[in-house]
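One structure below.
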Amino acid sequence: MSVKIYNTITRTKELLKPIEPGHVKLYVCGITSYDYCHIGHARSALAFDMIVRYLRYRGYKVTYIRNFTDIDDKIIKRAAEQNTTTEELANRFIDEFYVDMDKLGVERPDMEPKATEHIQEMIDLISELIAKNMAYPAGGDVYYSVNSFPGYGKLSGRNLEDMQAGARISVNENKANPMDFVLWKASKTGEPSWESPWGPGRPGWHIECSAMSRKYLGDTFDIHGGGQDLIFPHHENELAQSEGANDKPFVNMWIHHGFVTIRDEKMSKSLGNFLTIRDILEHYHPEVLRFFIFSTQYRNPLDFSEAAMQDAMTGLDRLYQCVAAVERLVENCSDSAAPVASGNDRKKLDSMEERFQKAMDNDFNTALAQGILFETVKILNKILRQLPEIPARVDHDLLISTTATMKKLASIMGLLQEDANEYLAAKKAAMLADINISEEEIQNLIQERNQAREAKDWASSDAIRDRLLEQGIELKDGPEGTGWTVKRS
RNA sequence: GGCGGCGUAGCCAAGCGGCUAAGGCACUGGUCUGCAAAACCAUGAUUCAGCGGUUCAAAUCCGCUCGCCGCCUCCA
């Protein structure tokens with residue numbers, strides 16, 4: 001096993017070596033639940049879904065934890081606006097999150113702890129930090145003293161002087177150092193609060209991940225993940241809290257994925273340029289979104305556009321069409337017929353899984369992995385085209401087994417999960433629903449056209465075809481009659 | 001201002017010092033077809049933002065310049 005992963009803290013690709021051999025412990029920062037999720041959240045969930053699936057495929061046991069932040073300023077604010085409790089609001093959007101994740105086929109992590117259910121663990125952790133003089137209460141709040149932790153800045157590659165020089169942090173008279181961050185926040189009247197040694201309040205954002213990861217994965221674990229925007233301050237602060245309290249390394253590897261952008265700008269709530277997952281799924285099959293997201297390696301920015309989604313859909317269709325064509329093969333084959341697959345083709349197909357692994361072992365290079373799938377499809381199509389009426393058994397078996405392997409590998413990205421014929425039929429039906437013509441009308445016109453064709457009345461025949469094309473229906477004359485597909489405008 | 005990333009064919013995107021610079025989409029020519037479509041075959045970067053350096057060898061390493069993006073405030 002030789003999975004290499006880019007580690008943010010060392011800025012190099014490193015071999016994955018789980019602390020407990022064969023068992024990877026992974027903690028990922030989940031959502032703050034106060035609104036519907038956008039494509040950026042989808043990328044995060046899908047990236048780690050893929051990583052977990054791949055590691056399991058590679059034989060690792062994986063313990064995957066992803067938290068919910070269900071108490072914070074934004075939730076309080078939004079709940080007040082909607083005249084509801086933070087609990088109701090947070091739970092409502094957790095439910096909505098699951099609706100989206102289920103549609104996307106994202107597997108559930110092994111555990112999904114909520115911040116509000118771990119207040120005691122956070123209070124304990126804060127108390128330890130205070131006892132070690134690494135944190136101090138002030139005015140009902142508790143702050144972490146960044147000066148007490150010499151390694152502060154090592155994850156994000158900053159140092160305290162630089163940070164203070166460009167600080168855009170509002171002055172807070174309770175803080176000893178402007179870079180100190182809050183561990184416990186005194187609650188204002190009407191805000192949700194929990195009892196603590198420092199008075200009623202609620203936890204700061206960073207402490208929850210330190211407390212929950214320690215509870216479920218221990219002081220030191222293998223991988224901590226999240227979006228690149230979490231590197232600073234969130235992960236830097238977690239690291240300071242955990243290593244400060246535990247006096248042990250916090251995590252061995254940090255994985256940070258890139259953003260989804262729109263017109264090359266980060267998609268975010270604050271910029272207002274975001275599209276929700278459900279917006280997208282209204283128009284596209286979930287696997288199209290997955291295909292799109294995995295068409296770029298997870299660390300690189302990914303620019304969303306309709307054109308890119310169209311490309312993704314075309315590409316996914318190509319994969320499904322190939323699978324459907326292989327599945328249409330009948331059992332009837334011959335032991336004596338000469339095989340059409342060349343030695344080179346066979347070699348290429350036989351090495352598919354190995355090449356796929358090599359791509360994925362190299363920091364989960366899904367873009368390359370997709371390329372390998374397409375190379376495979378090309379060869380499969382070539383063989384299919386050359387196949388005689390009664391194919392040689394070796395060819396038949398090669399096609400069937402390669403397709404099975406291809407589906408298995410694609411499943412790591414959550415692709416090709418549907419029955420190919422059903423996928424294509426469903427797509428056709430969905431697209432048909434978008435245009436103003438019924439299947440019956442199409443069939444009638446095809447019949448009319450075929451009569452014209454038989455009479456070699458090409459003018460009428462073409463007129464019908466053009467008319468259908470204008471309405472978005474593309475005809476295909478094949479040996480088994482005339483088929484049709486819906487063409488997207 | 002500090003820190004980090006990116007710039008590869010019309011578009012998207014691999015490539016991490018050395019075989020012909022993957023793959024997808026689009027385009028063009030061919031096979032097939034009455035003509036098309038689909039599929040297959042073929043074609044496209046003497047070149048990897050620019051300049052300079054290291055090396056027997058660089059898209060890949062180093063330096064500088066230009067352009068874009070992100071973090072430094074909540075953010076996946």
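So you know, we letter chains A, B, ... as the sequences are listed, proteins then strands, and number each from 1.
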Using the P atoms only, state how far B/C48 lies from B/C11, rounded to an integer number of Å.
16 Å
Ordered by number, residues from residues 348-358 of chain A within less than 4.0 Å of RNA chain B (heavy atoms) are none
Under 3.5 Å, which protein N or O atoms sit close to an N or O of nucleotides 67-69 of chain B? Give each pair with its distance.
none

Atom of A/Tyr143, atom of A/Asn174 and distance for their closest heavy-atom approach:
CE1-CB, 3.6 Å
Taking only residues two or more places apart in sequence, or in another chain, which ones meet A/Lys407 in a side-chain contact (heavy atoms from CB on, under 4.5 Å)?
A/Val323, A/Glu327, A/Thr403, A/Leu416
Need one value for A/Gln297: base, sugar-phosphate or nothing, where a base atom within 4.0 Å counts as base even if backbone is also close, heavy atoms only.
sugar-phosphate
Return the polar atom pairs (N/O with N/O) between nucleotides 19-27 of chain B and the protein under 3.5 Å, or none.
{"residue": "B/C25", "atom": "O2'", "partner": "A/Asp311", "partner atom": "OD1", "Å": "2.8"}

Closest to the side chain of A/Asn381, out of B/C40, B/A14, B/C72, is B/C40
What closest approach, in Å, do A/Pro109 and A/Tyr64 show between heavy atoms, and which atom pair accounts for it?
CB-O, 3.4 Å
Note on RNA chain B: ranges paired as stems (three or more Watson-Crick/G-U pairs in a row, both atom distances under 3.5 Å) are B:1-7 with B:66-72, B:10-12 with B:23-25, B:28-31 with B:39-42, B:49-53 with B:61-65
Looking at A/Lys77 and A/Asp72, is there a salt bridge between them, counting it only when a charged N and a carboxylate O are closer than 4.0 Å?
no
My understanding is that only residues two or more places apart in sequence, or in another chain, count here; which of them pass ring-ring contact (aromatic ring centres under 6.0 Å, His included) with A/Phe232?
none
Is A/Asp462 salt-bridged to A/Arg465, going by a charged N under 4.0 Å from an acidic O?
yes
Could you list all N or O pairs between the protein and nucleotides 32-38 of chain B that sit under 3.5 Å apart?
{"residue": "B/G34", "atom": "O6", "partner": "A/Arg449", "partner atom": "NH2", "Å": "3.3"}
{"residue": "B/G34", "atom": "O6", "partner": "A/Arg453", "partner atom": "NE", "Å": "3.3"}
{"residue": "B/G34", "atom": "O6", "partner": "A/Ser461", "partner atom": "OG", "Å": "3.4"}
{"residue": "B/G34", "atom": "N1", "partner": "A/Asp462", "partner atom": "OD1", "Å": "3.0"}
{"residue": "B/G34", "atom": "N2", "partner": "A/Asp462", "partner atom": "OD1", "Å": "3.3"}
{"residue": "B/G34", "atom": "N2", "partner": "A/Asp462", "partner atom": "OD2", "Å": "2.8"}
{"residue": "B/C35", "atom": "O2", "partner": "A/Arg465", "partner atom": "NH1", "Å": "3.4"}
{"residue": "B/C35", "atom": "O2", "partner": "A/Arg465", "partner atom": "NH2", "Å": "2.3"}
{"residue": "B/C35", "atom": "N3", "partner": "A/Arg465", "partner atom": "NH1", "Å": "2.5"}
{"residue": "B/C35", "atom": "N3", "partner": "A/Arg465", "partner atom": "NH2", "Å": "3.2"}
{"residue": "B/C35", "atom": "N4", "partner": "A/Arg465", "partner atom": "NH1", "Å": "3.4"}
{"residue": "B/C35", "atom": "N4", "partner": "A/Asp477", "partner atom": "OD2", "Å": "3.0"}
{"residue": "B/A36", "atom": "N6", "partner": "A/Asp477", "partner atom": "N", "Å": "3.4"}
{"residue": "B/A36", "atom": "N6", "partner": "A/Asp477", "partner atom": "O", "Å": "2.9"}
{"residue": "B/A36", "atom": "N1", "partner": "A/Asp477", "partner atom": "N", "Å": "2.9"}
{"residue": "B/A36", "atom": "N3", "partner": "A/Arg465", "partner atom": "NH1", "Å": "3.2"}
{"residue": "B/A37", "atom": "O2'", "partner": "A/Glu474", "partner atom": "OE1", "Å": "3.3"}

Closest contact, heavy atoms only, A/Ile65 versus A/Pro113
CG2-CD, 3.6 Å
If every non-hydrogen atom of A/Ala115 is compared with every non-hydrogen atom of A/Ile71, which pair is closest and at what distance?
CB-CG2, 4.3 Å
Calculate the interatomic distance between A/Glu208 atom CD and B/C74 atom P; express it in whole Å.
14 Å
Residue whose closest nucleotide on RNA chain B lies nearer the 5' end, A/Asn362 versus A/Lys269
A/Asn362
Rounded to the nearest angstrom, tell me the gap between atom CG in A/Asp345 and atom P in B/C41.
9 Å
Quantified in whole Å, what is the C1' atom distance between nucleotide B/A59 and nucleotide B/U20?
16 Å
Pairs meeting criterion side-chain hydrogen bond (donor to acceptor under 3.5 Å, both in side chains) with involvement of residues 150-159 of chain A, two or more places apart:
A/Tyr152-A/Asn237, A/Lys154-A/Glu243, A/Ser156-A/Arg158, A/Ser156-A/Glu236, A/Asn159-A/Asp162
So A/Val260, base contact, sugar-phosphate only, or nothing? Heavy-atom distance under 4.0 Å.
base
When the C1' atoms of B/A57 and B/C72 are considered, how many whole Å apart are they?
41 Å
Sequence neighbours excluded and cut-off under 3.5 Å, please list the side-chain donor-acceptor pairs for residues 34-42 of chain A, or say none.
{"residue": "A/Asp35", "atom": "OD2", "partner": "A/Arg78", "partner atom": "NH1", "Å": "3.4"}
{"residue": "A/His38", "atom": "ND1", "partner": "A/Gly40", "partner atom": "N", "Å": "2.9"}
{"residue": "A/His41", "atom": "ND1", "partner": "A/His38", "partner atom": "N", "Å": "3.0"}

Between atom CZ in A/Phe274 and atom C1' in B/A76, what is the gap in whole Å?
13 Å
For a quick check of understanding: with a heavy-atom distance under 4.0 Å over all strands, which category does A/Asn159 fall into, base, sugar-phosphate or nothing?
nothing
When you check the gap from the basic side-chain N to the acidic O, do A/Glu375 and A/Arg355 get nearer than 4.0 Å?
yes
What nucleic acid atoms does A/His256 come within less than 4.0 Å of, heavy atoms only: base, sugar-phosphate, or nothing?
nothing
Gap in Å between the two P atoms, one belonging to B/C71 and one to B/C25, rounded:
34 Å
Name all pairs fulfilling the ring pair (Phe, Tyr, Trp, His ring centres under 6.0 Å) condition that reach into residues 442-463 of chain A, sequence neighbours left out, sorted by first residue then second.
none
Do A/Asp73 and A/Arg202 sit within salt-bridge range, that is, some charged N less than 4.0 Å from a carboxylate O?
yes
Positive for side chain to side chain contact (heavy atoms under 4.5 Å, CB included) with A/Arg449, one of A/Asp477, A/Asn444, A/Asp457
A/Asp477
Describe the nucleic acid contact of A/His257 in one word from base, sugar-phosphate, nothing, applying a heavy-atom distance below 4.0 Å.
base
Give me the distance, rounded to whole Å, that separates B/A39 from B/G24 when you measure between the P atoms they each carry.
11 Å
What is the distance from CG of A/Asp35 to C1' of B/C74, rounded to the nearest Å?
13 Å
Please output the side-chain donor-acceptor pairs of residues 422-429 of chain A that fall under 3.5 Å, not counting sequence neighbours, one pair per line with the distance.
{"residue": "A/Tyr423", "atom": "OH", "partner": "A/Asp317", "partner atom": "OD1", "Å": "3.0"}
{"residue": "A/Lys427", "atom": "NZ", "partner": "A/Asp317", "partner atom": "OD2", "Å": "2.1"}
{"residue": "A/Lys428", "atom": "NZ", "partner": "A/Trp484", "partner atom": "O", "Å": "2.9"}

Who pairs with A/Asp395 by side chain to side chain donor-acceptor pair (under 3.5 Å), at least two apart in sequence or on another chain?
none
Integer-rounded Å distance: B/A76 C1' and A/Phe68 CZ
14 Å
Whether A/Arg66 and A/Asp49 form a salt bridge (side-chain N of Lys/Arg under 4.0 Å from carboxylate O of Asp/Glu) is what I want to check.
no
Closest-nucleotide ordering on RNA chain B, the 5'-leading residue of A/Asp303 and A/His206
A/Asp303
